[in-house]
Enquirer: 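My structure is below; once you've seen it, I'll send some questions.
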Amino acid sequence: MWTRLYPAMVSVLGGVGLGLALTYLVGAWLSAQPGWELWSEYFRPKAMGLMLVPYVFLLAHLLLRVHVGHFLLGRGEVEAAERYASRRARPSMVRSRREAANQRGVWARALVRQGRYAEAREVLLGGVRFAPGYYEAELRRWLIEVALREGDHEAVLEQFGQLGEDLGKGHRQAALRACRAELALRQGDMKGYEDEMTRSLWADPGHPRAGLTRTLAMVEFSGKAAERSDALAMLALVEKRVGDEIPARRSELAALRAWLLAAEGREEEARQALEESLSGPQDSWSKQVIESVRAEIAAPESA
């Protein structure tokens, strides 16, 4: 219910605010006209207080409309978030570059959740042309996420080149460095992975993206039984939290779980996890991971 009411309420706030502002202007004009002395005596002492009424409504509208798309995404209303944000993703006389860039981010994330990576990339590239500072970095972060899912490592490096060395602070830096750490992990650059992962965790130890990349590394390095047990435990935690932003990630993690279970000799559980990964959402990278896991699981059996 709230997914329908909240956007409507925000629109009503804006409409009421504009109506009250117009009423105030008409009242101010009438207070200066001959024959409206009684109105003038009432209006002028209260003018400042009355001016605050439309101001409060309009300010509430401006603040809340920025969050509507995030609200819809957070409740799984992906198509509604796409519709809302796509209509508000261009700067104009009534929409700042910051707000338009924010809406671009919501629009792109809604497309990513639907596996529409090419469209998301176009939306994001359109946004970085006008997005200021922080918002440009956030849009480029999602360009990096899309490129990672497509296995396009050159595009990842290109976006990091555009960002330079200033990756911001806090959660923004944590997410970007976790993305760079994942790229290093894929390329077998262990020193690069350790450096970026350390900086990511330093920036924000609890960031979900940092936790995800760290879990991928734990799977990669799980040679001993105790390490595999730890990796399985971390996967169980991470799988509950990821997947909403990039659904194909669930299939990737299920395949990695299958690989760990097979290494533990738990063949039936491994088979079920592999079937889960095959039945879930797919993208280029999840398919590569699944095929690699299937080949490794099948190799001992054929031997």
Enquirer: I'd like to know whether Leu237 forms a side chain to side chain contact (heavy atoms under 4.5 Å, CB included) with Thr215, so could you lay out the CA-CA distance, the side-chain angles of the two residues, the decisive distance to 0.1 Å, and finally the verdict.
Expert: CA-CA 10 Å; Leu237 291 174; Thr215 302; over 6 Å; no
Enquirer: Would a single hydrophobic cluster contain both Leu212 and Val293, if residues Ile, Leu, Val, Met, Phe, Trp and Tyr are joined by side-chain heavy-atom contacts under 4.5 Å?
Expert: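 As far as the 4.5 Å side-chain criterion goes, Leu212 and Val293 are connected within one cluster.
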Enquirer: For Tyr193 versus Ala181, what's the shortest heavy-atom pair and its separation?
Expert: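 So the two residues come closest at CD1-O, 3.5 Å.
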Enquirer: Compare all side-chain heavy atoms of Leu157 with those of Leu183 and state whether any distance is below 4.5 angstrom.
Expert: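 Yes - at least one pair of side-chain heavy atoms lies under 4.5 Å apart.
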Enquirer: Do any N or O atoms from the side chain of Ser284 and from the backbone of Gly151 form a donor-acceptor pair under 3.5 angstrom?
Expert: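 Side chain of Ser284 to backbone of Gly151, a donor-acceptor pair under 3.5 Å: no, none is there.
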Enquirer: Taking the side chain as every heavy atom from C-beta outward, state whether Arg257 and Glu239 have any pair of such atoms under 4.5 Å apart.
Expert: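 The answer is yes, as the side chains (C-beta and beyond) meet within the 4.5 Å cut-off.
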Enquirer: Do Leu52 and Met48 sit in one hydrophobic cluster, given that two such residues count as connected whenever their side-chain heavy atoms are within less than 4.5 Å of each other, even indirectly?
Expert: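 Looking at the clustering, Met48 is in a separate group from Leu52.
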Enquirer: Could you note down all residue pairs passing salt bridge (Lys or Arg N to Asp or Glu O under 4.0 Å) where residues 206-217 supplies at least one of them, sequence neighbours left out?
Expert: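 Non-adjacent pairs meeting salt bridge (Lys or Arg N to Asp or Glu O under 4.0 Å): Glu145-Arg209, Glu182-Arg209.
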Enquirer: Honestly, is Arg177 close enough over Trp202, meaning NZ or CZ under 6.0 Å from the six-membered ring centre and within 45° of the axis?
Expert: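 No; the conditions do not both hold, so Arg177 does not lie above the ring face of Trp202.
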Enquirer: Out of curiosity, does Leu30 fall in the hydrophobic cluster containing Leu50 (side-chain heavy atoms, cut-off under 4.5 Å, transitive links)?
Expert: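 Cluster IDs for Leu50 and Leu30 match.
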Enquirer: Is the backbone of Leu73 close enough, under 3.5 Å, to the side chain of Arg113 for a donor and an acceptor to pair up by distance?
Expert: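 Pair found, side chain donor or acceptor close to backbone of Leu73.
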Enquirer: Do Tyr134 and Asn102 come close enough that some side-chain heavy atom pair is under 4.5 Å?
Expert: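 No - every pair of side-chain heavy atoms lies 4.5 Å or more apart.
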Enquirer: Could you tell me if Gln272 and Glu276 have a donor-acceptor pair between their side chains, going purely by distance under 3.5 Å?
Expert: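 There is no such pair (donor and acceptor under 3.5 Å, judged by atom type) between the side chains of Glu276 and Gln272.
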Enquirer: Has Glu252 got a side-chain atom pairing as donor or acceptor with Arg250's backbone, closer than 3.5 angstrom?
Expert: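 No, the answer is negative, given that no donor and acceptor are paired below the 3.5 Å cut-off.
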Enquirer: Just grab all the salt bridge (Lys or Arg N to Asp or Glu O under 4.0 Å) pairs involving residues 216-230, residues at least two apart or on different chains.
Expert: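 Found Arg228-Glu264.
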Enquirer: Within the structure provided, determine whether Leu64 and Val68 are in side-chain contact (heavy-atom separation under 4.5 Å).
Expert: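 Side chain of Leu64 against side chain of Val68, heavy atoms only: no contact under 4.5 Å found.
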Enquirer: Distance from Leu143 atom CG to Glu158 atom CD, nearest 0.5 Å?
Expert: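 Interatomic distance, Leu143 CG to Glu158 CD, rounded to 0.5 Å: 9.0 Å.
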Enquirer: Are any of the side-chain heavy atoms of Leu185 and Met190 separated by less than 4.5 Å?
Expert: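 Heavy-atom side-chain distance check passes, below 4.5 Å.
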Enquirer: Would you confirm whether Ser200, through its side chain, and Met197, through its main-chain N or O, come within 3.5 Å as a donor-acceptor pair?
Expert: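 Checking the backbone N and O of Met197 against the side chain of Ser200, no donor-acceptor pair under 3.5 Å is found.
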Enquirer: Around atom CD of Glu154, are there more than 12 heavy atoms from other residues, nucleotides or ligands closer than 6.0 Å?
Expert: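 12 or below, so no.
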Enquirer: Does one hydrophobic cluster hold both Leu216 and Leu261, with members joined at side-chain heavy-atom distances below 4.5 Å?
Expert: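 As far as the 4.5 Å side-chain criterion goes, Leu261 and Leu216 are connected within one cluster.
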Enquirer: Shortest non-hydrogen contact from Ser40 to Pro45?
Expert: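 Between these two residues, the closest heavy atoms are O-CD, 4.0 Å.
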Enquirer: Please check: side-chain N/O of Arg95 versus main-chain N/O of Ala100, any donor-acceptor pairing under 3.5 Å?
Expert: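 No; zero donor-acceptor contacts below 3.5 Å.
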Enquirer: Please find the pair of heavy atoms, one from Leu148 and one from Arg186, that lie closest to each other, and give the distance.
Expert: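 The pair with the smallest heavy-atom distance is O-NH1, 2.8 Å.
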Enquirer: Do Leu260 and Ser222 pass the side chain to side chain contact (heavy atoms under 4.5 Å, CB included) test, and can you show the C-alpha distance, the side-chain angles, and the key distance before you say yes or no?
Expert: CA-CA 8 Å; Leu260 289 170; Ser222 59; 3.2 Å; yes
Enquirer: Is it the case that Arg149 places NZ or CZ above or below the six-membered ring of Tyr117, under 6.0 angstrom from the centre and within 45 degrees of the axis?
Expert: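 Negative - Arg149 is either too far from the ring of Tyr117 or too far off its axis.
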Enquirer: Any salt bridge linking Lys191 with Asp195? Criterion: basic side-chain nitrogen under 4.0 Å from a carboxylate oxygen.
Expert: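 Looking at Lys191 and Asp195, the cut-off is met.
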Enquirer: When rounded to the nearest 0.5 angstrom, what is the spacing between CG in Leu274 and CD in Glu269?
Expert: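 One finds 13.5 Å between CG of Leu274 and CD of Glu269.
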Enquirer: List the atom of Val128, the atom of Leu125, and the distance in Å for their closest heavy-atom pair.
Expert: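 Heavy atoms only, the tightest pair is CG2-O, 3.2 Å.
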Enquirer: Grouping I, L, V, M, F, W and Y whenever their side-chain heavy atoms are under 4.5 Å apart, do Trp285 and Leu278 come out in a common cluster?
Expert: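 Linked within one cluster.
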Enquirer: When you look at Cys179 and Phe160, which way does the side chain to side chain contact (heavy atoms under 4.5 Å, CB included) test go after all the steps?
Expert: CA-CA 10 Å; Cys179 289; Phe160 274 116; 4.2 Å; yes
Enquirer: Looking at Ser31 and Ala28, would you say the former's side chain and the latter's main chain have a donor-acceptor pair under 3.5 Å?
Expert: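 Yes; at least one donor-acceptor contact below 3.5 Å.
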Enquirer: Does the distance from a Lys or Arg side-chain N to an Asp or Glu carboxylate O, for Glu267 and Arg271, drop under 4.0 Å?
Expert: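 Judged by the 4.0 Å cut-off on N to carboxylate O distance, Glu267 and Arg271 do not form a salt bridge.
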Enquirer: Below 4.0 angstrom, N of the basic side chain to O of the carboxylate: do Arg172 and Glu138 qualify?
Expert: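 Looking at Arg172 and Glu138, the cut-off is not met.
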Enquirer: Say you draw a straight line from CG of Leu176 to NE2 of His207; how long is it, rounded to the nearest 0.5 Å?
Expert: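 Atom-to-atom, Leu176:CG and His207:NE2 are 9.0 Å apart.
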Enquirer: Between Thr213 and Glu196, does a side chain to side chain contact (heavy atoms under 4.5 Å, CB included) hold up when you go through it step by step?
Expert: CA-CA 10 Å; Thr213 305; Glu196 294 299 333; over 6 Å; no
Enquirer: To the nearest 0.5 Å, how far apart are CH2 in Trp107 and CZ in Arg88?
Expert: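 Separation between the atoms: 12.5 Å.
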Enquirer: Is it the case that Glu82 and Ser86 place a side-chain donor and acceptor less than 3.5 Å from each other?
Expert: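 Glu82 vs Ser86: no donor-acceptor pair found between side chains.
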Enquirer: Any chance you could measure Arg109, atom CZ, to Ile246, atom CD1, to the nearest 0.5 Å?
Expert: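 Between atom CZ of Arg109 and atom CD1 of Ile246 there are 10.5 Å.
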Enquirer: Between atom CD of Gln103 and atom OH of Tyr84, what is the distance when rounded to the nearest 0.5 Å?
Expert: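 The CD atom of Gln103 sits 6.0 Å away from the OH atom of Tyr84.
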Enquirer: Examine distances only and state if a side-chain atom of Gln33 and a backbone atom of Trp29 form a donor-acceptor pair shorter than 3.5 Å.
Expert: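 Flag set: sc Gln33 to bb Trp29 pair under 3.5 Å.
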Enquirer: Just wondering, do Asp283 and Glu150 contact through their side chains at under 4.5 Å, heavy atoms?
Expert: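 A side-chain contact is absent here, since even the closest heavy-atom pair is not under 4.5 Å.
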Enquirer: Report yes or no: does Ser229 contribute a side-chain atom to a donor-acceptor pair with the main-chain N or O of Ala225 at less than 3.5 Å?
Expert: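 Between the backbone of Ala225 and the side chain of Ser229 there is no qualifying donor-acceptor contact (under 3.5 Å).
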Enquirer: Looking at side-chain heavy atoms only, is the closest gap between Gln282 and Ile290 below 4.5 Å?
Expert: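 Contact flag for Gln282/Ile290 side chains = yes.
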Enquirer: With sequence neighbours left out, write down each residue that passes ring pair (Phe, Tyr, Trp, His ring centres under 6.0 Å) with Tyr42, or none if nothing qualifies.
Expert: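 Once residues adjacent in sequence are excluded, the partners of Tyr42 under the ring pair (Phe, Tyr, Trp, His ring centres under 6.0 Å) criterion are Trp39.
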Enquirer: Is the number of heavy atoms from other residues, nucleotides or ligands within 6.0 Å of CD (Gln162) greater than 12?
Expert: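 Buried by this count: over 12 neighbours within 6.0 Å.
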Enquirer: With a 6.0 Å cut-off on the ring centroids, do Tyr24 and Phe43 count as close?
Expert: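 Ring centres of Phe43 and Tyr24 closer than 6.0 Å.
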Enquirer: Between Leu253 and Leu256, is there a side-chain heavy-atom distance shorter than 4.5 Å?
Expert: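 Sidechains of Leu253 and Leu256: in contact.
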Enquirer: Quick check: closest heavy atoms across Ala89 and Arg104, and the distance to 0.1 Å?
Expert: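 Taking every non-hydrogen atom into account, O-NE, 2.9 Å.
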Enquirer: Given 3.5 Å as the limit, does a donor-acceptor pair link the side chain of Thr198 with the main chain of Glu194, or not?
Expert: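 Looks like yes, one N/O pair under 3.5 Å.
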Enquirer: How close do Val156 and Ala147 get, heavy atom to heavy atom, and via which atoms?
Expert: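 Answer, listing the atom of Val156 first, then Ala147: CG2-CB, 3.6 Å.
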